[in-house]
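Report on one structure; see the data block that follows.
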Amino acid sequence: MDKNKIEAAVRMLLEGIGEDVEREGLLETPARIARMCEEIYGGLNQDAGVHLEKQFQVENNEMVVEKDITFYSTCEHHLLPFYGKAHVAYIPNGRVAGLSKLARTVDVYARRPQIQEKMTAQIADALEEHLNPQGVMVMVEGEHTCMTMRGIKKPGSKTVTIVTRGVFQEDAQLQNLFMQMVKD
């Protein structure tokens, strides 16, 4: 990340909206924003596969669900936050990843400017590629501040995206079981 470019851009933005970039409260804002960008866009330089490398042999190939994984992301259209919960399930093929690795995978993709639909698919694709499971299902529920604080202004509205891969695509029973587990 180029902190100097970010700082210059923030100064220009502040001037563009009519602010005095030399006033006390704004003097350090460009540097603060640059540091913030390293954190909230840190997923741009990360490979989710690194987190999914550590796996364990299992005899049982029943569904694994990690639900209510809190995430914070940024809408690529307005550069405003969206946030919520991700729910991830997969059916192992003899190997499982540590549960924290599923949450880390969500974080890698959430920490990029993007759309929720793409983030949901990226999480599913990473699990499918690196765990080689029988199937994957990912549901993301997000509240988008580009809809709640500007534009249509509908606070509390949520966008839900679902992606299925493998055995989840055609097995309504598995999909229903996942939905029941997530909603309980």
Side-chain angles (χ1 to χ4, degrees), residues 1-52 65-89 100-128 136-165 178-179 182-183:
M1 234 170 254
D2 188 331
K3 285 183 172 183
N4 292 328
K5 281 187 177 181
I6 294 168
E7 288 182 31
V10 171
R11 277 190 212 83
M12 286 180 67
L13 172 68
L14 290 169
E15 288 171 353
I17 64 170
E19 269 290 357
D20 174 7
V21 295
E22 298 302 319
R23 75 175 172 86
E24 183 182 11
L26 294 177
L27 280 175
E28 296 178 31
T29 296
R32 278 193 292 268
I33 298 292
R35 287 190 306 273
M36 177 194 72
C37 286
E38 284 184 319
E39 182 180 344
I40 68 173
Y41 300 128
L44 286 168
N45 302 317
Q46 291 182 355
D47 174 11
V50 170
H51 300 295
L52 296 169
V65 177
E66 181 77 12
K67 69 180 196 171
D68 295 331
I69 302 167
T70 300
F71 73 89
Y72 299 92
S73 194
T74 305
C75 165
E76 67 184 23
H77 298 147
H78 300 98
L79 293 182
L80 286 172
F82 69 95
Y83 56 90
K85 303 282 184 187
H87 316 287
V88 176
S100 70
K101 306 311 181 199
L102 301 178
R104 289 183 193 282
T105 300
V106 170
D107 277 347
V108 165
Y109 293 110
R111 293 174 56 194
R112 299 175 179 188
Q114 66 187 321
I115 59 174
Q116 180 176 321
E117 296 88 341
K118 183 176 178 182
M119 182 179 89
T120 307
Q122 288 173 324
I123 295 165
D125 292 343
L127 295 175
E128 187 175 49
V136 172
M137 189 163 175
V138 177
M139 180 168 85
V140 174
E141 301 173 282
E143 185 167 335
H144 295 248
T145 59
C146 58
M147 280 197 46
T148 62
M149 67 181 282
R150 59 152 305 277
I152 195 160
K153 296 183 181 103
K154 296 296 178 199
S157 64
K158 288 194 176 153
T159 300
V160 179
T161 50
I162 298 174
V163 171
T164 57
R165 301 282 190 261
F178 170 78
M179 296 302 270
V182 165
K183 294 302 174 190

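One is the number of the first residue; the rest follow in order along the sequence.
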Please tabulate, one pair per line, all N/O donor-acceptor pairs under 3.5 Å involving side-chain atoms of residues 5-13, not counting sequence neighbours.
{"residue": "R11", "atom": "NH1", "partner": "E7", "partner atom": "O", "Å": "3.3"}

- Query: Angle class for the F71/F82 ring planes (parallel below 30°, perpendicular above 60°, tilted otherwise)?
  - Reply: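 Ring orientation of F71 relative to F82: perpendicular.
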- Message: Under the side chain to side chain contact (heavy atoms under 4.5 Å, CB included) test against Q114, which residue among R112, E117, R111 passes?
- Response: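 Single side chain to side chain contact (heavy atoms under 4.5 Å, CB included) partner of Q114 among R112, E117, R111: R112.
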- Query: Out of V106, T120, V160, V163, which residue meets the side chain to side chain contact (heavy atoms under 4.5 Å, CB included) rule with V140?
  - Reply: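 The passing option is T120.
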Measure from the side-chain N and O atoms of [X] to the backbone N and O of [Y], and report whether any donor-acceptor pair falls under 3.5 Å.
X	Y	result
T148	P155	no
R150	T145	no
T105	I123	no
E143	G156	yes

- Message: Are there over 12 heavy-atom neighbours, none belonging to L27, within less than 6.0 Å of that residue's CG?
- Response: yes
- Near M36 CE, under 6.0 Å, is it more than 12 heavy atoms from other residues, nucleotides or ligands?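 Enclosed: over 12 neighbouring heavy atoms sit under 6.0 Å from CE of M36.
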To the nearest 0.5 Å, how far apart are [atom1] in [X] and [atom2] in [Y]?
X	Y	atom1	atom2	result
I115	S73	CD1	OG	10.5 Å
L102	I69	CG	CD1	6.0 Å
I162	M137	CD1	CE	5.0 Å
C37	M1	SG	CE	6.5 Å
H51	K101	NE2	NZ	8.0 Å
Y83	E141	OH	CD	13.0 Å

- Query: Could you go step by step and tell me if H78 and H144 meet the side-chain contact (heavy atoms from CB on, under 4.5 Å) rule?
  - Reply: CA-CA 10 Å; H78 300 98; H144 295 248; over 6 Å; no
Least distance between heavy atoms, [X] atom then [Y] atom:
X	Y	value
M147	S157	CE-OG, 3.7 Å
L80	C146	CD1-CA, 3.8 Å
F178	V88	CE1-C, 4.2 Å

- Any E38 side-chain heavy atom under 4.5 Å of K3 side chain: yes
- When you check the side-chain N and O atoms of T161 and Q116, is any donor under 3.5 Å from an acceptor? yes
- Message: Any salt bridge linking R104 with E66? Criterion: basic side-chain nitrogen under 4.0 Å from a carboxylate oxygen.
- Response: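 Looking at E66 together with R104, the answer is no, because their closest N to O distance does not fall below 4.0 Å.
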- Task: Tell me, please, which residues at least two apart from T70 pass side-chain contact (heavy atoms from CB on, under 4.5 Å).
- Result: Y72, K85
- So D20 and L26, side-chain contact (heavy atoms from CB on, under 4.5 Å) or not? Walk me through it. CA-CA 8 Å; D20 174 7; L26 294 177; 5.8 Å; no
